[in-house]
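To start, the structure itself, in structure tokens.
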Amino acid sequence: MNKALRETVIAGNWKMNKTRPEAALLIEELKNTAAGAGCEVVICVPYTDLETAVSLTKGTGIKVGAENCHFKDSGAYTGEISALMLAEMGVEYVVIGHSERRQYFAETDLTVNRRTKAALNAGLKPIVCVGEMLAEREDLITEDVVELQTTAALTGISAKDAENIIIAYEPVWAIGTGKTATDEQAEEVCAFIRKVVENKYGKDIAEGMTIQYGGSMNPKNAAGLLAKENIDGGLIGGASLNASDFGIIIKAASGGL
Ligand code: 13P
């Protein structure tokens with residue numbers, strides 16, 4: 001299988017942005033672009049916007065994701081939301097192990113793995129984030145870090161379930177900084193991640209897996225990144241908060257439609 005046969009997924013990660021009225025406005029603005037998209041379009045939104053997003057995207061082709069989920073179905077976990085709760089309300093995707101969760105909320109490879117399994121069990125498609133810090137890149141251990149994070153996240157997950165996983169390569173130094181990895185840097189690590197997946201599950205699963213790039217992807221750099229053989233879409237923060245910018249990225253992923 002090659003890039004043309006893999007699913008390209010452009011996912012917005014709104015992070016902690018947009019009240020419900022703001023969310024509604026942005027979704028309305030996105031509808032037209034998404035209607036003509038030649039790729040899967042996903043918006044991952046704060047919990048408080050999920051109901052609005054699920055309801056307003058019905059029939060539009062835009063899919064809705066959450067930004068995290070807990071690994072238990074229910075119980076005494078104040079402040080947490082389970083994968084089952086998300087699936088029940090019509091959510092289809094969930095971001096797992098974003099570097100902001102790892103950095104600020106003590107997320108570990110172990111909890112990333114447990115949350116990924118919970119998401120799969122609930123029928124959600126996890127977007128599992130991996131990526132090195134600046135110091136790690138400078139120490140030339142990017143591949144070691146990314147391999148560890150990827151294999152840890154996939155521990156105990158069957159090949160069949162792995163078919164529903166998206167991996168997002170997000171170098172931490174490129175997130176929200178305006179510093180994008182070059183097309184070549186991003187391609188090199190995404191290709192390496194595909195090798196790690198191949199070592200675990202074999203060529204077919206690895207070749208079929210959607211691997212995204214994330215980190216300051218914007219209307220100017222998206223086309224170059226998305227043209228790379230091993231980059232099957234993007235996980236977009238800042239630029240997904242603006243319909244026109246996100247729309248340009250969707251068009252770039254749709255072959256410049
Ligand atoms: P930015 O696009 O704002 O750099 O954020 C990337 C990201 O963290 C997406 O998950």
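Just follow the structure's listing: the first ligand is 1, and inside any ligand the first atom is 1.
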Taking the side chain as everything from C-beta on, heavy atoms only, tell me whether Asn17 gets closer than 4.5 Å to Pro46. no
State whether the side chain of Thr8 and the backbone N or O of Gly233 hold a donor-acceptor pair below 3.5 Å, judged by distance alone. no
If you measure only the distance, is there a donor-acceptor pair under 3.5 Å linking the side chains of Glu67 and Trp14? no
Which residues pass the side-chain hydrogen bond (donor to acceptor under 3.5 Å, both in side chains) test with Lys15, sequence neighbours left out? Glu100
Are Gln185 and Tyr213 close enough that a side-chain donor and a side-chain acceptor fall under 3.5 Å? no
Salt bridge (charged side-chain N to carboxylate O under 4.0 Å, His left out) assessment of Lys63 paired with Glu40: CA-CA 8 Å; Lys63 305 287 168 56; Glu40 177 95 328; 3.4 Å; yes
Can you pull every nitrogen or oxygen pair between ligand 1 and the protein closer than 3.5 angstrom?
residue, atom, partner, partner atom, Å
ligand 1, 2 (O), Ser216, N, 3.4
ligand 1, 2 (O), Gly237, N, 2.9
ligand 1, 3 (O), Gly238, N, 2.8
ligand 1, 4 (O), Gly176, N, 2.6
ligand 1, 4 (O), Ser216, N, 2.7
ligand 1, 5 (O), Lys15, NZ, 3.2
ligand 1, 8 (O), Lys15, NZ, 2.8
ligand 1, 8 (O), His98, NE2, 2.7
ligand 1, 8 (O), Glu170, OE1, 3.4
ligand 1, 10 (O), Asn13, ND2, 3.0
ligand 1, 10 (O), His98, NE2, 2.9
ligand 1, 10 (O), Glu170, OE1, 3.2
ligand 1, 10 (O), Glu170, OE2, 2.9

